[in-house]
J.: 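This is the structure I have questions about; it appears just below.
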Amino acid sequence: MENIPQHIGFIMDGNGRWAKKRGMPRNFGHDRGAAVFKKTINWCRELGVKCATFYAFSTENWRRPPDEIKGIMDLLRRYLKDIRESADENIRIIILGDISPFDGDIREELTDIMRTSKDNTGFIVGIALNYGGRAEICRAAKTLAEKYSRGEITDITEELIGEYLYTSDMPPLDLVIRPSGEQRLSNFLIWQAAYAEFVFMDVLWPDFTKKDLEYAIREYAGRDRRFGGI
């Protein structure tokens, strides 16, 4: 395969519907979806992708029923071990989002994983937790406004804003893949996706396969990316 995207964003959607179709609780779908998350990292590496960012828990997901949120947090605790093992495979882990609302044990583990994997160069995995694109831009704007008021900077440019986003150490976003049949970004990487390509699929995330990923990359490779030019 030629013309491989360097950075792919995955909106992991459809876990609850996948479980409902099988008469199972929604958290059963989240568990299966987490397993696909780990496989997808390996598929991306095999295909030559350099960075993958996964939308795991949005700022809006707190509105879900308490038992579902608890199940997601328990699942996150279990998969922190897999995330750390990924870091041991020369993978850098970057957490996108405000992790302060999470329980202390989760915050400490996520912070330590980011710290210990910071110098890894084999692959980058972004995990969006309590993440929202608007909140990310607002966070960057507040920081830059404070620096401007103190005279530390004299201008605010697009490039400077980019340096204060969670993705500042990642390659530019090339492709966004959203399974489940929905066709929207849902507040995911809205700044970074300005010139990204989108591939929407009817498959639910727990059924996502390497063939689906290859299909999305072929779709991407066949498009003419002009970035506003001719």
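Atoms considered below: every heavy atom in the structure, side chains included; atoms not considered: hydrogens, waters and symmetry mates.
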J.: From Ile91 CD1 over to Phe123 CZ, what is the distance, rounded to the nearest 0.5 angstrom?
T.: 6.5 Å

J.: For the atom pair CG (Asp174) and OH (Tyr195), what is the distance rounded to the nearest 0.5 Å?
T.: 14.5 Å

J.: Flag this pair as yes if the NZ/CZ of Arg178 is under 6.0 angstrom from the six-membered ring centre of Phe188 and inside a 45 degree cone about the axis; otherwise no.
T.: no

J.: For a 4.5 angstrom cut-off between non-hydrogen side-chain atoms, does Phe208 reach Ile177?
T.: yes

J.: Should Asp88 and Thr116 count as side-chain neighbours, where that means a heavy-atom distance under 4.5 Å?
T.: no

J.: Which value, rounded to the nearest 0.5 Å, describes the distance between Thr143 atom OG1 and Glu152 atom CD?
T.: 11.0 Å

J.: Side-chain heavy atoms nearer than 4.5 Å, only ILVMFWY residues, links allowed to pass through others: does that put Ile93 and Leu189 together?
T.: no

J.: Locate the shortest heavy-atom distance separating Leu96 from Tyr131; write the atom from each residue and the value.
T.: O-CB, 3.6 Å

J.: Have Asp98 and Ser100 got a donor and an acceptor in their side chains that come within less than 3.5 Å?
T.: yes

J.: How long is the gap from NZ on Lys20 to CZ on Arg17, to the nearest 0.5 Å?
T.: 10.0 Å

J.: Below 30° counts as parallel, above 60° as perpendicular, anything between as tilted: where do the rings of Phe10 and Phe54 land?
T.: parallel

J.: Verify the cluster assignment for Leu173 and Ile11: are they in a single hydrophobic cluster under the rule of side-chain heavy atoms below 4.5 Å apart?
T.: yes

J.: Taking Pro171's backbone N and O only, do any of them form a donor-acceptor pair with His7's side chain (distance below 3.5 Å, no angle check)?
T.: yes

J.: Between Leu129 and Ala56, which heavy-atom pair has the shortest distance, and what is it?
T.: CD2-CB, 3.8 Å

J.: Can you tell me if Asn130 uses its side chain to pair, donor with acceptor, with the backbone of Ile99 under 3.5 Å?
T.: no

J.: Can we say Asp119 and Arg92 salt-bridge, meaning some charged N sits less than 4.0 Å from an Asp/Glu carboxylate O?
T.: no

J.: Please list, chain by chain and in numerical order, all residues satisfying side chain to side chain donor-acceptor pair (under 3.5 Å) with Tyr55, sequence neighbours excluded.
T.: none

J.: Taking only Lys NZ, Arg NE, NH1 and NH2, and the carboxylate oxygens of Asp or Glu, determine whether Lys81 and Glu109 approach each other closer than 4.0 Å.
T.: no

J.: Write down the atom of Phe37, the atom of Met12, and the distance for their closest heavy-atom approach.
T.: CB-SD, 4.0 Å

J.: When you look at Glu158 and Ile161, which way does the side chain to side chain contact (heavy atoms under 4.5 Å, CB included) test go after all the steps?
T.: CA-CA 5 Å; Glu158 292 184 13; Ile161 292 173; 5.7 Å; no

J.: Roughly how far, to the nearest 0.5 Å, is the CZ atom of Arg45 from the SG atom of Cys51?
T.: 12.5 Å

J.: According to salt bridge (charged side-chain N to carboxylate O under 4.0 Å, His left out), does anything in residues 46-73 pair up with another residue at least two apart or in another chain? List the pairs.
T.: Arg26-Glu68, Glu46-Lys210, Arg64-Glu68, Lys70-Asp74

J.: Minimum heavy-atom separation for Leu213 and Trp43, please, with both atom names.
T.: CD2-CB, 3.7 Å

J.: Counting distance only, does the side-chain N/O of Asn187 pair as donor-acceptor with the main-chain N or O of Arg134 below 3.5 Å?
T.: yes

J.: Using side chain to side chain contact (heavy atoms under 4.5 Å, CB included), reason through Ile217 and Leu47 one step at a time and then give a plain yes or no.
T.: CA-CA 9 Å; Ile217 291 177; Leu47 293 169; 3.9 Å; yes

J.: For Asn61, is there any backbone N or O sitting under 3.5 Å from a side-chain donor or acceptor partner on Ser58?
T.: yes

J.: Flag yes if Ile8 and Leu165 sit in one hydrophobic cluster, no otherwise; membership is Ile, Leu, Val, Met, Phe, Trp, Tyr, and two members link when side-chain heavy atoms are under 4.5 Å apart.
T.: no

J.: Compute the centroid of each ring, for Phe28 and then for Trp18, and state whether the two points are separated by less than 6.0 Å.
T.: yes

J.: Where is the tightest heavy-atom contact between Val199 and Tyr215, given as atom of each residue plus distance?
T.: CG1-CE2, 4.2 Å

J.: Strictly distance-based, threshold 3.5 Å: is any side-chain N or O of Asp207 a donor or acceptor partner for the main-chain N or O of Leu204?
T.: no

J.: Ion pair present between Lys142 and Glu146, side-chain N to carboxylate O less than 4.0 angstrom?
T.: no

J.: Evaluate the side chain to side chain contact (heavy atoms under 4.5 Å, CB included) criterion for residues Thr53 and Met170: first the C-alpha distance (whole Å), next the side-chain angles of each, then the deciding distance (0.1 Å), finally the verdict.
T.: CA-CA 9 Å; Thr53 298; Met170 296 178 173; 3.6 Å; yes

J.: Side-chain contact, heavy-atom cut-off 4.5 Å: Val36 with Thr40?
T.: yes

J.: Would you check if Val125 and Ile94 make a side-chain contact, meaning some heavy-atom pair closer than 4.5 Å?
T.: no

J.: Do Met73 and Ile113 share a hydrophobic cluster (ILVMFWY, side-chain heavy atoms under 4.5 Å, transitive)?
T.: yes

J.: Counting only N and O atoms by type, is there a donor-acceptor contact under 3.5 Å from the side chain of Trp205 to the main-chain atoms of Gly33?
T.: yes

J.: Does any part of the side chain of Met201, heavy atoms only, come nearer than 4.5 Å to the side chain of Asp212, both counted from C-beta?
T.: yes

J.: Do Asn120 and Ser117 meet the criterion of a side-chain donor-acceptor pair at a distance under 3.5 Å?
T.: no

J.: Give me the other members of the hydrophobic cluster that Tyr79 sits in, counting Ile, Leu, Val, Met, Phe, Trp and Tyr linked by side-chain heavy atoms under 4.5 Å, directly or via other members.
T.: Leu75

J.: To the nearest 0.5 angstrom, please state how far the CG atom of Asp202 sits from the CD atom of Gln183.
T.: 8.0 Å

J.: Quick one about Ser168 and Glu163 (side-chain donor to acceptor, distance below 3.5 Å, no hydrogens or angles considered), yes or no?
T.: no

J.: What verdict does the side chain to side chain contact (heavy atoms under 4.5 Å, CB included) test give for Ile153 and Leu160, after you've listed the backbone C-alpha separation in whole Å, the side-chain angles of each residue and the deciding distance to 0.1 Å?
T.: CA-CA 10 Å; Ile153 57 175; Leu160 189 59; 3.9 Å; yes

J.: Without hydrogens or angle criteria, can the side chains of Glu136 and Tyr166 be said to hold a donor-acceptor pair below 3.5 Å?
T.: no

J.: Taking all non-hydrogen atoms of both residues, which atom of Asp103 and which atom of Arg77 are closest, and how far apart?
T.: OD2-NH2, 2.8 Å

J.: Same cluster or not: Trp62 versus Ile95, using hydrophobic residues (I, L, V, M, F, W, Y) connected whenever any side-chain heavy atoms lie under 4.5 Å apart?
T.: yes

